[in-house]
Amino acid sequence: MQTLDIQKMENIERSASRKRTFYRWLLFIMLGIFALYYLAPLYVMIITSLKSMEEIRQGNLMTLPGEIIFDSWKTAWSGRDYDAGNVFLRPFFWNSIKMVVPAVAISAFFGALNGYALTKWRFRGDNLVFLLFLFGCFIPYQAILLPMARTLGVLGISNSITGLVVVHSIYGLSFTTLFFRNYYVSIPDEMIKAARIDGAGFFKIFFKVLLPISAPIIVVTVIWQFTNIWNDFLFGSTFSFGEAAPIQVALNNMVLTSTSVKEYNVDMAAAFIAGIPTLLVYVLAGKYFIRGLTAGSVKG
Amino acid sequence: MATLKVSNLTKNFGNTQVLKQINLEVIDGEFIVLLGPSGCGKSTLLNIIAGLETVDDGEILIDEYVVNRVEPKDRNIAMVFQSYALYPAMTVRDNVIFGLKQRKVSKEHIEKSLKHFSQMLQIDQLLDRKPAQLSGGQRQRVAMGRALVREPHIFLFDEPLSNLDAKLRVEMRHEINKLHEQLGTTMIYVTHDQVEAMSLATRIAVMNEGIIQQIGTPQEIYEKPNSVFVADFIGSPAINLIQGTFYKDGTAPSFIPEQQKDNFKISLSGYSFDSEPKDGQEIIFGFRPEHINLPDASLKSQLPVELKPSLIELTGYEKEVSFEFYGNEITGRLPRHVNTELGKSISLSLDLSEISIFDSASTMRI
């Protein structure tokens with residue numbers, strides 16, 4: 001009787017473990033297929049950028065380059081010596097850096113300050129203020145183009161990097177405030193009370209107590225803001241032109257204004273260069289990204 | 001030196017009045033415990049004393065000085081919180097001296113007090129660790145250290161032991177007690193745990209629904225609760241309360257339980273009434289479980305009773321036994337060696353020298 005029971009249990013266990021392995025494999029295969037699907041364009045971009053134009057014209061889209069040539073990368077980055085009128089990315093890349101770094105820093109800093117004030121220094125109507133910030137997240141880009149253009153004109157900073165920094169800082173503030181507010185809500189108020197009794201003021205508490213434990217949400221905010229601002233085309237193309245344009249606008253100009261022949265290899269290299277910084281940010285800070293997104297639900 | 005006076009304090013959260021005309025006077029060196037069920041307003045009162053909440057009406061005086069509009073940091077207080085509220089990014093050392101640094105105290109003095117108090121609390125080995133690397137008990141010590149180094153005039157404790165396990169809680173309770181003896185500083189302590197309240201306080205203020213129901217020494221509160229709420233809230237197992245009527249036959253007052261038979265009554269001639277009720281008035285008769293016991297000839301006034309156990313629980317040192325008593329379930333605490341058997345009646349006695357009588361209508365002591 002007992003041996004029978006044991007045998008039965010063993011059978012159940014064995015079939016359960018078989019089932020587990022089967023689903024495990026199914027899962028990996030599905031994940032693999034999706035990964036391939038998403039990575040295919042990147043693959044095409046990279047191999048095309050490494051081919052010569054002749055090879056591109058005759059060859060299949062997916063075949064590996066016969067000979068690896070880096071010339072198109074050089075052309076995309078710093079242009080050709082002999083045709084001076086051409087657009088190349090280097091100066092615009094630095095434009096974008098000069099725009100993104102201050103815009104991310106400013107919007108993240110004030111977002112943190114807002115989130116802190118909204119959660120730890122409650123005031124009458126604070127929820128309404130927060131609601132308005134939330135509303136700001138849903139305002140479409142297009143809706144603010146005209147008023148913003150006028151504002152920049154009045155301030156005398158239209159068609160400048162400074163103007164773009166202002167636009168992105170203000171537009172991003174709704175999101176950064178939302179992020180920090182949700183993070184700080186989960187931090188016990190008692191910590192702030194303790195610091196107040198200890199004699200620290202509004203800013204002292206912010207800088208000494210709260211900011212040092214905000215790393216996860218800072219990473220989330222920086223990735224979010226960096227990606228959005230770096231990849232933005234609409235504000236860039238609307239509020240700037242010529243030398244003050246950010247890289248996405250320059251990329252567009254470069255690809256659309258090439259004179260005679262379409263140079264696919266150069267275009268691909270340029271597109272890839274324009275995407276490198278966001279890729280880098282993800283690779284460097286990505287593991288904190290997920291952690292930060294879920295941090296709100298876990299009590300420290 | 002450090003006195004606290006709360007007069008006619010009122011606090012509203014929206015439409016709910018959480019504190020109603022609170023009056024409290026604390027003299028120097030007292031250990032006052034604010035005790036009550038959750039939501040009774042005790043933590044709000046403590047936060048107001050600390051200056052972390054605003055006052056809607058009334059005054060707070062520390063050392064005879066109205067502090068309603070004084071910032072928490074200038075009130076000469078320190079507070080220990082339930083969640084410890086340590087600063088996670090700082091080491092234990094920085095946590096402890098943060099307050100002193102804000103006050104621009106000299107380096108030598110900071111080092112001296114840090115050394116003194118970290119040794120006193122046995123956290124001197126932990127100074128370079130972060131709070132995350134500490135156990136619950138160690139965090140609690142650090143939180144106390146942070147309060148101690150400030151050498152405040154008044155200590156405020158907001159349920160500081162609630163997050164500790166049972167054994168550690170008793171240990172820390174002893175330490176807080178010793179600390180109070182050593183320092184002699186005025187302390188105000190919020191808890192919902194009556195054992196903590198009884199063992200720590202010089203006086204307990206029992207709160208309910210925004211009102212201080214009774215304030216007095218632990219002994220007063222336990223022996224002479226001024227209302228049914230206080231009587232029921234203090235003591236475990238809870239006090240036995242029996243509904244009935246007051247009856248006066250000539251000069252001998254007595255109590256008749258609601259569901260009595262055979263003209264059963266309990267003589268109240270040994271009870272000193274604050275104001276004697278009228279004949280036939282509805283009253284509540286209360287006695288604590290330990291006053292049901294084996295007959296003892298040395299007691300002044302006792303009532304012999306025959307009771308049948310309906311539930312027997314051994315708690316270790318003693319037995320908690322439930323009996324049926326004229327339609328009520330009452331609990332008695334008997335020595336563990338007493339032979340008890342379910343349904344088998346035993347002869348016990350009810351000690352009448354320490355009973356409490358309440359008016360049914362007002363639920364106040366009479």
Side-chain angles (χ1 to χ4, degrees), chain A residues 108-109 112-113 115-128 130 180 182-221 288 291-292 294-300, chain B residues 13-14 43-44 46-54 70-91 94-105 130-132 139 142-150 152 154-160 162-163:
Chain A
F109 176 76
L113 209 55
Y116 164 57
L118 282 171
T119 50
K120 302 299 175 211
W121 296 79
R122 309 295 300 269
F123 50 91
R124 205 176 284 272
D126 53 355
N127 273 327
L128 184 72
F130 177 60
F180 278 99
N182 287 350
Y183 183 73
Y184 288 152
V185 150
S186 69
I187 288 174
D189 290 346
E190 290 188 344
M191 206 190 292
I192 309 304
K193 289 182 183 172
R196 281 179 65 195
I197 290 176
D198 266 346
F202 182 86
F203 285 104
K204 200 64 162 248
I205 295 174
F206 178 62
F207 284 112
K208 292 269 181 180
V209 177
L210 227 43
L211 219 47
I213 54 170
S214 306
I217 200 65
I218 291 175
V219 170
V220 170
T221 310
Y288 297 101
R291 219 183 284 170
T294 54
S297 55
V298 187
K299 280 224 163 171
Chain B
F13 284 138
S43 282
T44 309
L46 196 72
N47 275 323
I48 288 177
I49 293 169
L52 296 167
E53 294 273 5
T54 53
V70 175
E71 279 290 301
K73 64 184 167 83
D74 300 321
R75 290 191 182 194
N76 234 329
I77 49 148
M79 191 158 169
V80 178
F81 296 91
Q82 181 180 358
S83 67
Y84 321 132
L86 300 176
Y87 314 125
M90 297 182 203
T91 60
D94 290 333
N95 261 288
V96 172
I97 64 175
F98 185 70
L100 293 181
K101 270 170 133 182
Q102 303 310 313
R103 255 152 254 268
K104 313 242 181 308
V105 176
K130 291 276 176 68
R139 284 181 208 187
V142 175
M144 303 235 293
R146 186 172 63 182
L148 284 174
V149 287
R150 297 252 320 276
I154 301 178
F155 275 107
L156 307 176
F157 294 92
D158 190 2
E159 309 210 15
S162 302
N163 283 2

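Reminder, nothing fancy here: chain letters follow the sequence lines and each chain counts from 1.
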Legend entry - Check: Phe81(B) main-chain N/O paired with Glu190(A) side-chain donor or acceptor under 3.5 Å: no
Legend entry - Part of Ala147(B) lying under 4.5 Å from any heavy atom of chain A: neither
Legend entry - chain A contact via Leu156(B) - side chain, backbone, both or neither, heavy atoms under 4.5 Å: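 Neither the backbone nor the side chain of Leu156(B) comes within 4.5 Å of chain A.
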Legend entry - Asp94(B): partners by salt bridge (charged side-chain N to carboxylate O under 4.0 Å, His left out), with sequence neighbours left out: none
Inset, instruction - For Lys208(A), look at atom NZ and say whether over 12 heavy atoms of other residues, nucleotides or ligands are found less than 6.0 Å away. - result: no
Inset, instruction - Specify the closest pair of heavy atoms between Tyr87(B) and Ala195(A), including all atoms of both residues, with the distance to one decimal. - result: OH-CA, 3.1 Å
Legend entry - Non-hydrogen side-chain atoms of Pro212(A) and Met90(B) separated by less than 4.5 Å: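 They are not in contact (no side-chain heavy atoms under 4.5 Å apart), so the answer is no.
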Legend entry - Residues in residues 196-204 of chain A near chain B [non-hydrogen atoms, under 4.5 Å]: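 So the qualifying residues are Arg196(A), Ile197(A), Asp198(A), Gly199(A), Ala200(A), Lys204(A).
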Legend entry - Option that, when pairs with chain A are counted at under 4.5 Å, heavy atom only, ranks first among Lys101(B), Arg146(B), Arg75(B), Glu71(B): Arg146(B)
